[in-house]
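Each remark here refers to the structure printed beneath this line.
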Number of protein chains: 2
Amino acid sequence: MALDNPTTQAVVTTADKVFDQMLHAIVEGTIKAGSKISEPELAKHYEISRSTLREALNRLEKCHLIERKANVGSRVVECSIAGLLEIYVVREALEGMACRQAAINMTDDEIIEMKSMLAQHANSKALRDGVSYYQEEGDLDFHYKVILGSHNQQLINILCGQLYHLVRMYRCQFGMNSPRATKAFDEHSRIIDAIADRDGELAEMLMRRHIAASRKNIENKISQQL
Amino acid sequence: MALDNPTTQAVVTTADKVFDQMLHAIVEGTIKAGSKISEPELAKHYEISRSTLREALNRLEKCHLIERKANVGSRVVECSIAGLLEIYVVREALEGMACRQAAINMTDDEIIEMKSMLAQHANSKALRDGVSYYQEEGDLDFHYKVILGSHNQQLINILCGQLYHLVRMYRCQFGMNSPRATKAFDEHSRIIDAIADRDGELAEMLMRRHIAASRKNIENKISQQL
DNA sequence: AACAATCACATTGTCGACAATAAACACTAG
DNA sequence: CTAGTGTTTATTGTCGACAATGTGATTGTT
């Protein structure tokens, strides 16, 4: 699928497969947030040994999707509003910096590719106006490209390797079909322009505002529900 | 020891102990950077089973101290200049944001504690002027306190849980006894002032400059050596 | 009846052995 | 002498069983 992590190495071992399955299950809520994980039960369900399952659990823990306590067991992380806002704060900082680095380090070819990607998004957006699902995927694609464009392995690992699974989990489970679609699209355009101009300072500022706007949008939504 | 990670849960299981020992060994270079890790060999050395060793290896991987390839094995990460600069970029973004959040979320008591800590550092600095080892520890203590003061669990996990082990590794192996001791101390003071004033914007800017200065200091050192 | 201590059970941590994969070596052909 | 291939060997991935720990129920006491 389009959203698959571009930094994920090829799935070869059985632990990898189980990790992938559990990843989707947790993101989509099939395995409920906050629920306790029974090793014997899951091992039987996936028809693997406990060792292999534990290997998969370790990878999930690396993504901060489950938490382990010694001699007690593992739990899927909770989905709280506070937790979601925390992630947005981290994203604002990290993706802002990734955007600054992208303006410095992206190759001309990469920039061209991003522009064409955005043009594609513009088309499909015009076609199915208001429908935000594809826009959601497009949004993730855009952010991925920027992060990879930073050419900073640490940034890439943290953002693509661990944080984005959590982001997807929240999006799935809170059903956030952002009504900011057209606005977000314009913001994406300006960010690419800044990168193409090699203006790191502006690129970072725009990306931070873009993410902060997204966060405030959520905060408003929440306060309405109260 | 004073530098131990405040977020690390109590060491109860034998895998925890081995993890701790290997952590120190890697940070201090006893286990050389870039070297391959032989599971049977290390298991024999620590007198544990391979399963337990692998559990420890998984935690090291979580800290980005080792890297694994399927069906090939684990290697200790390399210590390259480029890698060090990458980390500083991430720190500038994350600790800057942590500082902003600290200005918002720190309790008055926490601020008072930080000020007294800094006063202590001032004393010991006056006593052993120019000697930077303690200052190094003091530096880490300061940054830890700010990060914890953000009250953002994601920030705390990423910075204290994984990134700081890498920072310590580089400091150990590159022998960086920063000659910025007195300058850094002044910068720390101003940062605390900004936090005490609850001026998040200024606090973030000061912290980013503080870390960027550290990075440029290293860049200069490197270019001199060439 | 409420609380504490003890005991039984289930779950996690650890172990050693086997299977599968990759690297190293030797051998043959060009 | 080099390149390619087949075999051997060592390393990693996986498995099932045992030991240690935490949890919940049961029983005894106040």
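The shown structure was predicted, so the numbers you read here are calculated from the model rather than taken from an experiment. So that the names make sense, note that chain A is the first sequence line, chain B the second, and so on, each numbered from 1.
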Using the test salt bridge (Lys or Arg N to Asp or Glu O under 4.0 Å), find all partners of [X] that sit at least two apart in sequence or belong to another chain.
| X | result |
| --- | --- |
| A:E39 | A:R50, A:R54 |
| A:R75 | none |
| B:E61 | A:K62, B:R68 |

Looking at B:N105 and B:S150, would you say the former's side chain and the latter's main chain have a donor-acceptor pair under 3.5 Å? yes
Give a yes or no on whether the backbone of B:Q153 and the side-chain of A:E86 come within a donor-acceptor separation of less than 3.5 Å. yes
In whole angstrom, what separates [X]'s [atom1] from [N]'s [atom2]?
| X | N | atom1 | atom2 | result |
| --- | --- | --- | --- | --- |
| A:I66 | C:dT12 | CD1 | P | 11 Å |
| A:E41 | C:dT12 | CD | C1' | 15 Å |
| A:L53 | D:dT14 | CG | P | 12 Å |
| A:F19 | D:dG13 | CZ | P | 15 Å |
| B:L57 | C:dT14 | CG | P | 13 Å |
| B:D16 | D:dA20 | CG | C1' | 14 Å |
| B:E47 | C:dG16 | CD | P | 11 Å |

Structure string for DNA chain C in dot-bracket form, Watson-Crick and G-U at under 3.5 Å, | interchain: ||||||||||||||||||||||||||||||
Residues in side-chain contact (heavy atoms from CB on, under 4.5 Å) with [X], at least two apart?
| X | answer |
| --- | --- |
| B:A15 | B:T13, B:T52, B:E55, B:R59 |
| A:C63 | A:F19, A:L65, A:H165 |
| A:E113 | A:K145 |

Report yes if at least one side-chain N or O of B:T13 is closer than 4.0 Å to OP1 or OP2 of C:dT14; otherwise report no. yes
Is any side-chain nitrogen or oxygen of B:T14 closer than 4.0 Å to OP1 or OP2 of C:dG13? no
Salt bridge (charged side-chain N to carboxylate O under 4.0 Å, His left out) contacts touching residues 96-112 of chain B (sequence neighbours left out): B:R100-B:E204, B:D108-B:R198
Under 4.0 Å protein heavy-atom contact, by nucleotide of nucleotides 6-12 of chain D - B base, S sugar-phosphate only: ------B
Under 4.0 Å, counting only non-hydrogen atoms across every strand here, what does B:T52 touch: a base, just sugar-phosphate, or nothing? sugar-phosphate
